[in-house]
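What follows is a single structure, written as structure tokens, with notes after it.
We name chains A, B, ... by the order of the sequence lines, and we start the count at 1 in each one. Keep in mind it's a predicted model, so treat the numbers as computed, not measured.
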2 protein chains.
Amino acid sequence: MIEIKDKQGMSTEEIILETAIDLMEKKGFKAVTTKEIAAQSGFSEMTLFRHFGTKQNILEKAVEVYSYLIDMKTILYDHVEYDLKKDLKRVSETYHKYNQHNYKMVLLSFQERHTHPFIGEKISENPKRLKNYLVDYFEEMQKRGKMIETDAEVQAMNFLWMNLGYFMSFQLGGRKVAQIPLQTFIEDSVDLFVRGLTPCK
Amino acid sequence: MIEIKDKQGMSTEEIILETAIDLMEKKGFKAVTTKEIAAQSGFSEMTLFRHFGTKQNILEKAVEVYSYLIDMKTILYDHVEYDLKKDLKRVSETYHKYNQHNYKMVLLSFQERHTHPFIGEKISENPKRLKNYLVDYFEEMQKRGKMIETDAEVQAMNFLWMNLGYFMSFQLGGRKVAQIPLQTFIEDSVDLFVRGLTPCK
DNA sequence: GTAAGTTGTTAGTTACTACTAACACATTGT
DNA sequence: ACAATGTGTTAGTAGTAACTAACAACTTAC
């Protein structure tokens with residue numbers, strides 16, 4: 001499920017925006033030059049300015065275009081089985097699938113958290129929805145007696161933080177501390193939570 | 001245990017280095033100007049260059065000075081009780097205490113992961129040691145029959161990733177998705193792991 | 001075939017950035 | 001008293017960044 005760049009079929013603006021995100025995510029907005037974006041996107045610098053006017057506009061347009069909202073709550077509730085293991089696994093997979101598509105924006109929002117906080121405000125919307133889903137789900141599981149009495153919000157966040165931590169350490173030039181494949185991580189971490197949250201029989 | 005900045009008693013170089021890290025962590029190396037560092041540190045730009053020669057040197061000296069190694073393994077083994085709850089809590093607290101002192105360097109290493117990877121290589125040494133400790137500890141606990149049979153490395157990383165995730169989301173302008181105090185997080189997350197890793201009686 | 005739209009090129013402006021040189025001033029130790 | 005040391009100031013340089021203007025070339029639509 002890895003996206004392969006085929007500049008074929010993409011409009012000039014799309015190519016430029018994608019190149020811009022790619023570079024800014026790596027170096028930061030300020031450190032990337034319009035010259036660089038032009039060179040890597042295969043257009044001249046003039047074309048950039050003709051389409052977007054300013055460098056700042058490139059960033060804003062990119063954020064606008066590439067940070068779509070996903071209704072995680074609906075997606076997940078459509079397949080809910082009220083089986084902790086199966087459901088948590090689906091949440092984890094959904095989360096990482098989302099990150100696979102949006103990781104550049106996620107990293108960019110971190111990179112620019114002090115200089116362009118508006119990115120983070122847009123980007124944090126999706127995790128927020130995922131959290132709301134998880135909290136509701138946990139509370140429902142508790143009502144059904146399938147989960148121990150514990151703070152649903154904290155445990156929902158624990159699960160998301162663990163997944164965020166995996167993602168971040170992976171990006172951080174990761175594999176410096178440990179190299180564990182995503183599937184192994186998902187399975188073992190879900191098992192841990194299932195044991196940790198299921199009432200003892 | 002929060003460090004309070006008293007520029008009193010600090011040498012010129014120390015003040016400049018600290019100011020530089022502070023700014024670079026927020027904006028990135030390239031985006032911070034020597035003028036800015038000078039202004040915020042209260043010295044003239046000339047003083048910066050007289051002491052360090054180049055901007056790059058400021059970064060390198062700062063990394064050298066502020067990324068000391070901690071022998072987490074020894075520190076933790078000195079207090080080990082082979083009680084999962086108490087020990088994990090101590091690990092978590094040690095980790096966050098370390099981050100409290102070094103978070104600027106940690107964030108800077110992330111900010112510059114593509115442009116100055118040498119920072120990350122130095123910084124990742126401490127988590128690596130912490131991981132090694134945890135893996136050894138888990139394996140010992142398994143030998144003692146106090147922990148279920150599961151991949152010690154993956155579970156050690158799960159624990160560290162969860163803590164990294166908390167730290168990161170907190171920095172990310174955090175409190176956007178959830179606002180849970182550190183103490184609550186530590187206690188609830190440790191409880192989760194204790195339940196998840198202790199054999200059922 | 002011609003007009004409209006898109007892109008490249010070249011030259012240039014303005015502002016800023018890292019960094020240097022030279023001189024002045026103040027503090028401190030001897 | 002004097003030298004050494006650390007600092008500020010002022011002026012300046014060379015390079016680069018974002019952005020503009022004007023003209024040429026190409027593609028496509030009708």
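Under the 4.0 Å criterion applied to side-chain N and carboxylate O atoms, Glu13(B) and Lys61(B) are not assigned as salt-bridge partners. Remark: Lys131(A) engages Glu153(A) in a salt bridge, criterion side-chain N to carboxylate O under 4.0 Å.
For the residue pair Glu36(A) / Gln40(A), no side-chain donor-acceptor distance below 3.5 Å is found, with atom types taken as modelled. Judged purely by distance below 3.5 Å, without hydrogens or angles, the side chains of Ser189(B) and Asn158(A) never pair a donor atom with an acceptor atom.
Candidate nucleotides dG8(D), dC19(C), dT20(D) were compared by shortest atom distance to the side chain of Phe49(A), and dT20(D) ranks first. Considering only side-chain atoms of Met46(B), the nucleotide from dT7(C), dA18(C), dT9(D) that sits closest is dT9(D). Proximity note for Phe43(A) (side chain, C-beta onward) versus dC19(C), dG8(D), dG8(C): the nearest is dG8(C).
Atom NZ of Lys35(B) and atom P of dT9(D) are 13 Å apart (whole Å). In this structure, the CD atom of Glu36(A) is 13 Å from the P atom of dT16(D), given to the nearest Å. To the nearest angstrom, C1' of dT16(D) lies 13 Å from NZ of Lys55(B). We find that CZ of Phe29(A) is positioned 8 Å from P of dA18(D), with the value rounded to whole Å. One atom, CG of Asn57(B), and another, C1' of dC19(C), lie 12 Å apart when rounded to the nearest Å. Rounded to whole Å, the distance from CD on Glu45(B) to P on dG12(D) is 17 Å. Atoms CD (Glu13(B)) and P (dT5(D)) sit 15 Å apart, rounded to a whole Å. If you take CZ of Arg50(B) and C1' of dA24(C), they are 11 Å apart, rounded to a whole angstrom.
Among the candidates Phe185(B), Trp161(B), Phe167(B), the single residue satisfying the ring-ring contact (aromatic ring centres under 6.0 Å, His included) test with Trp161(A) is Phe185(B).
The phosphate of dC16(C) (OP1 or OP2) has no side-chain N or O of Thr33(B) nearer than 4.0 angstrom. Contact check, Thr47(A) against dG8(C): a side-chain N or O comes under 4.0 Å of OP1 or OP2. Within the structure, every side-chain polar atom (N or O) of His51(A) is placed at least 4.0 Å from both OP1 and OP2 of dT6(C). Contact between the side-chain N/O atoms of Thr12(A) and the OP1/OP2 oxygens of dT7(C) is found at a separation under 4.0 Å.
Note on Ser44(A): a base of the nucleic acid sits closer than 4.0 angstrom, heavy atoms only.
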